[in-house]
2 protein chains.
Amino acid sequence: MSDSEILLGEFRRTIDDRYRLSIPPELADQLHKEGSELVLAKERPGCLGLYNSTPWQGQLDEAVDWVADKVDAGKLGGQVDDLLTLGRLLSTRHCEVQLAGRGRLVIPEGFREFLGVAPGDPVFVVGAAISVEIWNPPAWVSYLEDRMPEFRSLLTQLSE
Amino acid sequence: MSDSEILLGEFRRTIDDRYRLSIPPELADQLHKEGSELVLAKERPGCLGLYNSTPWQGQLDEAVDWVADKVDAGKLGGQVDDLLTLGRLLSTRHCEVQLAGRGRLVIPEGFREFLGVAPGDPVFVVGAAISVEIWNPPAWVSYLEDRMPEFRSLLTQLSE
DNA sequence: ACTGTTTTGGGTATGTTTCCCACAAAAGAG
DNA sequence: CTCTTTTGTGGGAAACATACCCAAAACAGT
């Protein structure tokens, strides 16, 4: 059960001249199987994350409600700046998308620059357990060099 | 039958034009008999490991279940980031494979560069007790020079 | 409404993979 | 020593997937 719900795999794809990119079927099926909408998020420069919107929406609503309650209650204290920042990030960070025909994702304006790709460029599509990520190749390589040494300790840490 | 419990042996093979390599029957039989699927892993530059997937799957399920419980309990905290990281590393380090006809393994894209082989190059196929490893010859030689002196102490340490 | 521009969908080519089968070398039996 | 069987490597052809390209559709401005 749970084993087949983990999104895994690394694939090389190229960005269309119209900023479209085909998601590998094994990942797309799993993301889309619930029939729900998808959410594209700016994870970090050079990396976009593609989530199933239902779990995502739940967490997000929770966070927003929590902040809204605080605002209503008037107990923001000195956290106004933080609130403003959070609002800005919430506004720009994600966007609802859907896979077009042939399992193709159109990368929206604003996300293109963040991903740092031009039409015709290659990217890596990577399964990240609960999401599918699109990586700019240099960012991916550099990330791996950085984090790969942690692998074994992470696995054992999360296993016990 | 203690002879069939652990994978042992050193064999010289060559990678053909299509990045195929034949696994010696005595190793292939043992790997394939217990479970269905196999997992190929990037062990270290110049070395790939071939595992029976069931142990891996178990360990991974454990990790994911652990995090899933925390998520359900509402205390995700920084654990989501850890899960994402683990997923990414798993995606690039491991890959499900199966032996093609004649017990041959096709080395997938991405693993070729890591192994550092070109079509026609020789490799060593080595039994590593619980896995079968594919070594780039220079890496193998250098590894042996490095670790062979430990042999006797390792043996006594592990047998008592 | 018309026209120029952008987006969406899908046919098709090209390169890759997969499934076989053939041959050759090596190992084992008589 | 020779014949038989097993094993390793090569290659052809079919199947598949990806990405390029063009046509239809949607949109917007005039």
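Chain letters run A, B, ... following the sequence lines, proteins first and then strands; every chain starts at 1. Side-chain atoms are counted along with the backbone in the values below, which use heavy atoms only and exclude waters and symmetry mates.
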Between Arg112(A) (side chain) and Ile107(A) (backbone), is there a donor-acceptor pair under 3.5 Å?
yes
Just how far, in rounded Å, is P of dC19(C) from CG of Leu105(B)?
13 Å
Whole-Å gap separating C1' (dG12(D)) and CG (Asp17(B)):
13 Å
State whether the side chain of Ser53(A) and the backbone N or O of Leu38(A) hold a donor-acceptor pair below 3.5 Å, judged by distance alone.
no
Assign each of Arg12(B) and Glu26(A) the nucleotide of DNA chain D bearing its closest heavy atom; nearer the 5' end lies the nucleotide of Arg12(B)
Nearest heavy-atom neighbours spanning Asn52(B) and Glu37(B):
OD1-O, 3.8 Å
Send over the distance from Gln98(A) CD to dG9(C) P, rounded to a whole Å.
9 Å
One thing to verify: whether Glu133(A) and Arg88(B) come together as a salt bridge, which I'm taking to mean a side-chain N less than 4.0 angstrom from a carboxylate O.
yes
Expressed as a whole number of angstroms, how long is the span from Phe124(B):CZ to dG8(D):C1'?
16 Å
May I ask you to verify if any side-chain N or O of Thr14(B) is less than 4.0 angstrom from the OP1 or OP2 atom of dT9(D)?
yes
Check: dG8(D) base within 3.5 Å donor-acceptor of Arg13(B) side chain:
no
Send over the distance from Arg18(B) CZ to dG15(C) P, rounded to a whole Å.
15 Å
Any donor-acceptor pair under 3.5 Å joining the side chain of Arg20(A) to the base of dT8(C)?
no
Between residues 108-117 of chain B and DNA chain D, which residues have a heavy-atom gap below 4.0 Å?
none
Answer whether the closest heavy-atom distance between the side chains of Leu86(B) and Phe151(A) falls below 4.5 Å.
yes
On a plain distance test, is the side chain of Arg104(B) in donor-acceptor contact with the base of dG10(D) below 3.5 Å?
yes
Arg102(B) or Ile15(A): which one's nearest nucleotide on DNA chain D is closer to the 5' end?
Arg102(B)
Determine the contact category for Ala100(B): base if any of its heavy atoms lies under 4.0 Å from a base atom, sugar-phosphate if only primed atoms, P, OP1 or OP2 are that close, otherwise nothing.
nothing
Separation of atom CD1 in Ile107(B) from atom P in dT9(D), rounded to whole Å
12 Å
Classify the angle between the aromatic ring planes of Trp56(B) and Tyr51(B) as parallel (below 30°), tilted (30 to 60°) or perpendicular (above 60°).
perpendicular
Would you mind reading off the distance between Ile23(A) atom CD1 and dA19(D) atom P, rounded to a whole angstrom?
11 Å
From CG of Asp16(A) over to C1' of dT6(C), roughly how many Å is that when rounded to an integer?
14 Å
Any side-chain heavy-atom pair of Leu89(B) and Leu144(A) under 4.5 Å:
yes
Quick check on dT7(D): is either OP1 or OP2 less than 4.0 Å from any side-chain nitrogen or oxygen of Ser22(B)?
no
May I ask you to say what Gly101(A) touches in the nucleic acid, namely base, sugar-phosphate or nothing, with a heavy-atom cut-off under 4.0 Å?
sugar-phosphate
